[in-house]
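Note sheet for the following structure.
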Amino acid sequence: MRSSQLFGKTLRQAPADAENISHKLLTRAGFIQQIASGIFSLQPLGNRSITKIRNIIREEMDRAGGQEISMPVVQPRSLWEESGRADVMLPPLTTFEDRRERDMVIAPTHEETTTVMARAGVTSYRDLPFTIYQIQTKFRDETRPRGGLIRAREFEMKDAYSFDANEEGMDKSFQAMVAAYKRIFKRCGLEAIMVEADSGGIGGKDSNEFVLLTESGEDTILVSTESDYAANVEKAEFIKKEFPKGELGEVEEFATPGIKTIDELAKAEGVSKSKTAKAVFYTVDGEVVVVTIRGDYDVNETKLRNLLDGSEPRLSTPEEVEAAGLVSGSASAVGMEGMRSVVDDSITMGSNYLAGANKEGFHLRNVNLERDFKADILGDIAEAKKGYLSPDGKGKLIAKRGIEVGHVFKLGNVYSSKMGADYTDEDGGQNEILMGCYGIGVGRLLAAAVESNHDDFGMVLPQSIAPYEVYLAGLNLNDPDIAGKAEQLYQQLLDAGYDVLYDDREAPPGVKFKDADLLGIPARIVISSRSLDGGGVEVKARTEKNGEIVAESDTLDAVKKLLG
RNA sequence: CGGGGCGUGGCGCAGUCCGGUAGCGCACUGCACUGGGGGUGCAGAGGUCACAGGUUCAAAUCCUGUCGCCCCGACCA
């Protein structure tokens with residue numbers, strides 16, 4: 001490609017709206033153009049990079065045994081009613097009516113359609129296992145898109161789905177995808193780590209995210225200092241501090257005028273926060289639920305949601321708290337009737353807690369689970385934080401920021417049971433197909449690659465995903481001799497199979513160098529009167545400060561040395 | 001959805017408080033010079049000042065409403 005003919009211009013200044021480094025650089029370099037909030041066009045350079053990423057994904061999916069398919073973006077809403085997700089996925093799920101007034105959805109993901117495909121195509125255990133995938137546009141009406149391609153509403157995703165007859169098979173399919181993912185990220189120049197994750201709206205039991213650790217990430221990841229334990233904060237577990245349980249004391253009420261918080265209570269009593277039982281109120285499906293956790297920990301709402309069977313909890317408003325007859329600042333689960341109680345297991349690792357007396361200005365001493373209040377649900381709802389003990393007992397947790405570039409799920413029978421995807425086994429019995437699903441955000445992968453591969457001058461893209469491999473800058477092109485040699489070099493490089501961007505513009509050298517750097521093309525060749533005087537052409541890697549002059553006839557070899 | 005900010009040529013901004021013929025830098029066009037890190041000069045072109053309504057002799061500027069975009073939070077495969 002000749003720069004003089006390339007559509008798209010580089011910008012000296014990024015649009016004021018761009019905040020992330022990847023958003024800024026991709027916009028400045030003319031890769032992407034924003035059309036609306038979270039909605040982007042790809043310009044030629046960006047489209048080339050995306051095409052390369054797509055091809056890497058495709059190669060690795062095929063290598064792992066995946067078969068490419070294509071499913072519709074527009075689907076009947078009834079399909080989503082079958083799976084039970086029509087109402088729970090709102091608002092990201094966008095719906096509209098077609099001209100016959102049928103409710104349709106714009107697909108944010110494709111578990112439903114893929115299950116339909118399997119239920120029609122699978123009748124026997126002999127049809128299993130298989131994995132299908134597609135690379136296709138999704139639309140999720142996120143409440144807040146951000147960071148350019150990092151969180152877009154319309155975006156391209158590679159989504160794969162595996163189908164197996166049993167657990168072992170599902171695990172095997174899952175592992176094959178994990179291996180493929182590792183190769184994909186590596187080939188795209190990303191050091192993504194696999195972490196334990198919550199499965200969110202997709203469902204299923206086990207899920208893992210692939211995360212690029214970077215300060216600009218929007219997710220918090222907790223990793224162990226001494227083991228390879230790593231988990232998204234939504235999912236992360238830890239070893240809770242255990243305290244000796246003494247004799248249960250008598251419950252005793254005492255005055256605490258003006259004390260509204262756990263901090264104040266612990267301070268006033270001169271004890272650690274771990275001696276208090278904190279009560280927090282959540283509204284779930286219109287009902288107020290009392291949540292009790294030891295005062296030294298905080299509630300993780302994702303864990304809470306999972307214990308509540310996936311219903312979305314939100315902090316109750318002061319009005320709701322009051323309407324439920326609770327005294328904010330002095331509330332506890334003690335004596336609560338007709339209200340669901342969720343208790344974190346940290347409460348069982350100690351005794352004789354300080355807790356609210358449900359009476360303005362009073363608290364209780366020696367409050368204990370079972371004897372003084374009940375737990376309808378007892379489990380882990382505590383949020384892991386840095387400094388806590390890793391759940392495998394090895395080391396402490398530290399917190400890092402990261403971008404989720406891929407997510408893999410063991411779905412099991414979540415969809416097959418609801419949507420009736422069965423097969424006949426060896427004994428003639430009917431069984432549910434076990435599924436896995438596996439996603440990679442293609443545009444986000446590009447953004448993540450830029451986040452982790454750039455310097456002060458622009459992107460520093462790996463050869464595998466750079467829009468072009470070689471940037472050929474011709475200087476002094478008004479000299480016919482140099483122009484002719486540059487042209488010859490351009491043709492040679494093309495003949496050798498390289499993707500070449502030939503900067504044949506009438507522009508000062510500085511402009512060409514700045515553009516070469518901004519675009520992040522891995523190899524740069526300069527041909528100019530100076531280079532020719534020096535004995536040939538300059539060949540330089542994007543990652544190096546200085547290049548080397550090689551004889552014109554050695555150019556291809558030098559490029560080969562650099563790029564392979 | 002809560003909080004904050006911003007809408008003025010393709011991009012970055014000034015002008016708005018205090019109403020009076022819309023300006024600067026980059027980019028763009030032509031010519032000349034220059035020629036290894038966004039070069040110089042001369043001459044140009046391009047704007048419904050987000051939209052609607054109102055106040056006024058006069059509105060980018062004041063008032064009301066609407067829309068859009070960004071950031072923080074909530075939320076989110």
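Lettering of chains follows the sequences in order, A, B, ..., and the numbering in each one begins at 1. Owing to the predicted nature of the structure, the values given are computational and were not obtained by experimental measurement.
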Sugar-phosphate only, base, or nothing, as touched by A:S529 at under 4.0 Å among non-hydrogen atoms: nothing

Using a 4.0 Å heavy-atom cut-off, does A:E301 contact any base of the nucleic acid, only the sugar-phosphate backbone, or nothing at all? sugar-phosphate

Could you tell me whether A:V408 contacts a base, only the sugar-phosphate backbone, or nothing, with contacts defined as non-hydrogen atoms closer than 4.0 Å? nothing

Heavy atoms only, 4.0 Å cut-off, all strands: where does A:T27 land among base, sugar-phosphate and nothing? nothing

Less than 3.5 Å between a donor and an acceptor, one on the side chain of A:R151 and one on the base of B:C76, is that the case here? yes

Testing A:R314, A:E301, A:R305 one by one against A:Y282 for a side-chain hydrogen bond (donor to acceptor under 3.5 Å, both in side chains), which residue passes? A:E301

Measure from CZ on A:F513 to P on B:G36 and round the result to the nearest Å. 8 Å

Students often get this wrong, so: under 4.0 angstrom with heavy atoms, is A:D159 touching a base, only sugar-phosphate, or nothing? nothing

Scan A:F409 against the nucleic acid and name what it touches under 4.0 Å (heavy atoms): base, sugar-phosphate only, or nothing. sugar-phosphate

Strictly below 4.0 Å, N to O, side chains only: are A:D455 and A:R542 in salt-bridge contact? yes

How do A:D198 and A:H23 order along RNA chain B: which one's closest nucleotide is nearer the 5' end? A:H23

side-chain N/O A:S37 vs B:C70 OP1/OP2, d < 4.0 Å: yes

Quick check for you: among B:G73, B:C70, B:C76, whose closest atom lies nearest to any side-chain atom of A:R146? B:G73

Using a heavy-atom cut-off of under 4.0 Å over every strand shown, decide if A:A36 touches base, sugar-phosphate, or nothing. sugar-phosphate

Whether A:R48 side chain and A:Y468 backbone form a donor-acceptor pair below 3.5 Å: no

Counting the atoms with a prime plus P, OP1 and OP2 as sugar-phosphate, which does A:K512 contact under 4.0 Å by heavy atoms, base, sugar-phosphate, or nothing? nothing

Please tell me if A:R144 has a side-chain N or O lying less than 4.0 Å from either OP1 or OP2 of B:C75. no

Kindly say if A:Q34 contacts the phosphate of B:C70, meaning a side-chain N or O under 4.0 Å from OP1 or OP2. yes

Side-chain donor/acceptor of A:N478 to base of B:G35, under 3.5 Å: yes

Would you classify A:R314 as touching base, sugar-phosphate or nothing, given that sugar-phosphate means primed atoms plus P, OP1 and OP2, and contacts are heavy atoms under 4.0 Å? nothing

At under 4.0 Å between heavy atoms, what does A:S528 touch on the DNA or RNA strands: base, sugar-phosphate, or nothing? base

Treating A:R119 as the side-chain partner and A:A421 as the backbone partner, does any N or O pair qualify as donor plus acceptor under 3.5 Å? no

Please classify the nucleic acid contact of A:F155 as base, sugar-phosphate, or nothing, using heavy-atom distances under 4.0 Å. base

Closer than 4.0 angstrom, basic N to acidic O: yes or no for A:R151 and A:E142? yes

Parallel, tilted or perpendicular: rings of A:H407 and A:F409 (30°, 60°): parallel

Hey, does the side-chain of A:R524 have a donor or acceptor N/O within less than 3.5 Å of a partner on the base of B:G37? yes

Under 4.0 Å, heavy atoms only, any strand: does A:G534 hit a base, just the sugar-phosphate, or nothing? nothing

Among B:A74, B:G25, B:G36, the one nearest A:E538 by side-chain distance: B:G36

Looking at every strand, decide which applies to A:P15 at a 4.0 Å heavy-atom threshold: base, sugar-phosphate, or nothing. sugar-phosphate

Tell me which of A:I440 and A:A16 sits closer to the 5' end of RNA chain B, going by the nucleotide each one is nearest to. A:A16

Under 4.0 Å, counting only non-hydrogen atoms across every strand here, what does A:A14 touch: a base, just sugar-phosphate, or nothing? sugar-phosphate

With both distances under 3.5 angstrom, what nucleotide forms a Watson-Crick or G-U wobble pair with B:C24? B:G12

